[in-house]
Amino acid sequence: MPSEGRCWETLQALRNSSKGRLCYHRDWLLRGEDALEECVSLPKLSPFSGWVVDHILPYKQENPVPSSETSLSSGSASALDQPSVVPRSPVGSSALSPALPETPNGAQSKQESQHTESMALQSSRGIRVEGCIRMYELVHRMKGTEGLRQWQEEQERKVRALSEMASEQLKRFDELKELKQHKEFQDLREVIEKSTREALGHQEKLKAEHRHRAKILNLKLREAEQQRLKQAEQERLRREEGQVRLRSLYTMQEEVLQLNQQLDTSDQHKDLLKVDLAAFRTRGNQLCSLISGIIRTTSESGYPTAENQAEAERALQEMRDLLRNLGQEITRACEDKKRQDEEEAQAKLQASQIQQGPGPHTQSPVPNQGPGGTRNEDLQMKVQDSTMQWYQQLQDASAQCVLAFEGLTSSKDSQAKKIKMDLQKAATIPVSQISTIAGSKLKEVFDKIHSLLSGKPVQSGGRSVSVTLNPQGLDFVQYKLAEKFVKQGEEEVASHHEAAFPIAVVASGIWELHPRVGDLILAHLHKKCPYSVPFYPAFKEGMALEDYQRMLGYQVKDSKVEQQDNFLKRMSGMIRLYAAIIQLRWPYGNQQEVGRKG
C-alpha cells in the first residue's frame, strides 16, 4: 500500500537524522526523564563537591604531595580520567562541562572531550578535585550498588514472603471458598431435606385428608345404603301392611254381605214387625256399596290406608249394629206375639171352662227337688276330660305362640332388639295406665291397644310403633299383652280390689275383637293359677317338691317358697280379675261371643 511505503521512508529518514545517530546508555533508560533533564539543564557542580572541598582539599594543602606522588597523582588522575579504569559519571561530566551541540559523525564529541581534558590539565587542583569527586562517586556508586543489591535481595525476600503469603492467602481463600461451597451445599441439602420433609408432611396430610374424606364417603355410602334398605324395608312393610289391610277389607266386605243377606232373610218376620224393613235394607245396601267403593278406589291407587280401613270398620260396625237392632226388634215382636198368643189361649181356655163347668183337677207329677227347689245331684269330684283337653289346647297354643316369635327374641341384631323393646313397651305401658277412673281414659287405652293389634302405627316413647315392622311382631305383642293382663291381676288387683273392673272391661273388649289374645290370657291365667280351670294338680312319685309347688302356683326363688299369705293374695287377685272379665263386656263394642270364656 502507498501509506506503508511512506511510513518506512519516514522511519529511515529519522534514523539518519542527528538524534537518530545518538548512542544511548542502558542506565539512561532506567533513569528515564531524569537523565534527559540533566542533559538539557545548565551546568552545575556535583552535590558531593561541597564535601570534597571541606574534607579532602584542606588535607591536600596541609600535606603537599611529592613530585613522585604528583606524577603518580597526575598519573592517577590521568588514569582516573580514563573510562576504562574509573567510569565516568554522567553527573560529574554534566556538572563540569557545558552541554555541547551534537554532531552527526561524533567528531565534535571527541573534540569536546579533548578540550575538556586540556582544560582539566591546566589546573592540578581541579584534577585532584575531579579525581576525588570521581573516587567518591565510585565509592558512592559501589555503596549504591551494594544497597541496590541488598534492596533487590530484600525485595526478593519480600516478593518471596508476599508470594508465600499470597499462596497461603490463596490456600485460605480456597479453603474459605471450599468451606463456603460446603456450607452452601449443606444449606442447600438442608433446604432440600426441609422441602422433602414439608412435601412428605403435606403428602401425609393429603393422605390423612383423603382417608378422612374416604371415611366420610364410606359413611355416607353406608348411610345411603342403610337408608335405601330402610326405605325398601318400609316399602315392603307398607306393601305387606297394605296387603293385610286389603285382605281385611275383603273379609269385612264378605261379612257385610253376609249381614246384608241376614237382613234379607228377615222378611219372614215382616208381619210381626212394626218398623219398616225397607229402611234397614236400604242402609245395608248403602254400607255394602261404601265398602265396595273403598276396595275399588284402593285397588286403583295401590294399597288401602289406615283411614280406608277405619272407614270400612266403621261401616262394618254400623252394619252389625243395624242387624243387632233388627234382631232386637224381631225378638221383641216375637215375645209380643207369643204373649198375645198365650193371652188368647188363656182366654179361650177360660171361655171353654166356663162353658163346660167345674171338673176334677189333676196335677202333673213333680220330680223330687232338694232345698231351694233344685235337684240333689252328686258333687263333681274331679275335672272333666273335656276341660283338661281345653286346658291342654290353650297351653299348646301359648307354646306355639312363643315359638312363632322366637326369632325376634333371640335375634342379635340391634334393629330387631330395638323393635322388640318398642313393641313390648307399646303393649304393656297402656295396660299399666288403666286406673279406677272410668271414662275417656279407658276408651283411649282400649283404642291404642286395638290399633296396635290391628296393625296400625301407634305412638310409644315419642316414636311410631307398629306390629308390621317385623313379621313376628303380632305374635309377640299378643303374648306380651295377655301376660301383662294376668300380671295386673296378680299384682294390681291383689292389692287394690277395685282395679279389677276397669282392667277387666278393657280385657273383655280386646278379647271380643281379638279372640287369640283371650286364649293367651286364659293360658297365662291357668298356668299361674290352676284353680281357675278349675284344676288341682296331683303330686306324682319322683317329682321334686319345688316343681310341684310351682305347678300349684307358688313362687319359688333360690329354693325358697313364698309365704302362704302372699300366695293366697296373688291367687285371689287373679280369680277376681277372671270373675270380673266373665261378668263384664266392653260397652262400645258388640255382644261377646257365646262361650268364648269356656
Side-chain angles (χ1 to χ4, degrees), residues 379-403 405-406 409-410 424 427-429 431-432 434 476 478-504 506-508 510-511 516-584 597-598:
L379 294 177
Q380 185 176 346
M381 299 303 296
K382 66 176 184 177
V383 64
Q384 296 179 357
D385 294 338
S386 60
T387 304
M388 289 303 300
Q389 291 178 0
W390 174 59
Y391 165 79
Q392 191 61 42
Q393 289 174 359
L394 292 176
Q395 298 302 319
D396 293 342
S398 177
Q400 291 176 2
C401 183
V402 173
L403 292 175
F405 62 82
E406 184 179 5
T409 56
S410 61
Q424 185 172 354
T428 57
I429 290 178
V431 179
S432 301
I434 299 175
F476 179 76
Q478 290 175 346
Y479 186 86
K480 290 297 179 181
L481 182 62
E483 184 181 34
K484 184 63 178 179
F485 273 120
V486 176
K487 190 173 182 180
Q488 285 293 99
E490 183 181 9
E491 296 177 355
E492 183 67 20
V493 179
S495 301
H496 305 88
H497 300 164
E498 65 277 5
F501 294 99
I503 297 174
V506 176
S508 178
I510 296 299
W511 194 331
R516 190 184 182 193
V517 177
D519 294 340
L520 292 173
I521 290 175
L522 284 177
H524 283 287
L525 184 64
H526 292 170
K527 187 175 181 180
K528 287 191 173 184
C529 180
Y531 315 106
S532 61
V533 177
F535 170 60
Y536 189 86
F539 183 80
K540 298 179 181 180
E541 295 182 1
M543 181 183 296
L545 181 60
E546 294 179 0
D547 295 338
Y548 179 66
Q549 289 173 337
R550 289 191 181 94
M551 289 180 62
L552 293 176
Y554 287 90
Q555 290 182 350
V556 181
K557 294 181 180 179
D558 299 331
S559 301
K560 294 182 179 179
V561 184
E562 66 176 333
Q563 298 294 328
Q564 187 71 14
D565 295 340
N566 189 33
F567 168 74
L568 295 176
K569 182 179 180 181
R570 290 191 304 105
M571 296 299 110
S572 64
M574 287 183 282
I575 293 297
R576 288 176 188 273
L577 177 63
Y578 187 34
I581 293 175
I582 292 174
Q583 60 181 315
L584 288 178
K597 303 183 183 68

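Each residue takes its place number in the sequence, starting with 1. Reckoned from all heavy atoms, side chains included, excluding hydrogens, waters and symmetry mates.
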Would you compute the distance between atom [atom1] of [X] and atom [atom2] of [Y] and round it to the nearest 0.5 angstrom?
| X | Y | atom1 | atom2 | value |
| --- | --- | --- | --- | --- |
| H497 | E492 | NE2 | CD | 11.0 Å |
| H526 | M574 | NE2 | CE | 11.5 Å |
| M571 | L552 | CE | CG | 9.5 Å |
| E406 | T409 | CD | OG1 | 6.0 Å |
| I581 | I503 | CD1 | CD1 | 9.0 Å |
| S532 | Y391 | OG | OH | 9.0 Å |

Among K487, Q488, K484, whose side-chain hydrogen bond (donor to acceptor under 3.5 Å, both in side chains) with S432 holds?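 Checked K487, Q488, K484 against S432; only one passes side-chain hydrogen bond (donor to acceptor under 3.5 Å, both in side chains): K484.
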Name all pairs fulfilling the side chain to side chain donor-acceptor pair (under 3.5 Å) condition that reach into residues 544-557, sequence neighbours left out, sorted by first residue then second.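 Sorted pair list: E490-Q555, E546-S559, D547-R550, Y554-Q564.
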Partner residues of F476 under the ring-ring contact (aromatic ring centres under 6.0 Å, His included) criterion, sequence neighbours left out: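 ring-ring contact (aromatic ring centres under 6.0 Å, His included) list for F476, sorted by chain: F405.
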Tell me, do [X] and [Y] make a side-chain contact under 4.5 Å, heavy atoms counted?
| X | Y | answer |
| --- | --- | --- |
| K569 | S495 | yes |
| L522 | W390 | yes |
| F485 | V506 | yes |

Which pairs would a plain distance check flag for residues 394-401, meaning a side-chain donor or acceptor within less than 3.5 Å of a matching protein atom at least two apart in sequence or in another chain?
| unit_1 | atom_1 | unit_2 | atom_2 | d |
| --- | --- | --- | --- | --- |
| Q395 | NE2 | A523 | O | 3.1 |
| D396 | OD1 | Q392 | NE2 | 3.2 |

Shortest non-hydrogen contact from V493 to A500?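 Result for this residue pair: CG1-CB, 3.6 Å.
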Which pair of heavy atoms, one from I575 and one from C529, lies closest together, and at what distance?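 Minimum heavy-atom separation between I575 and C529: CD1-SG, 3.8 Å.
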Determine whether more than 12 heavy atoms belonging to other residues, nucleotides or ligands lie under 6.0 Å from atom NZ of K527.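 At most 12 heavy atoms, drawn from other residues, nucleotides or ligands, come within 6.0 Å of this atom.
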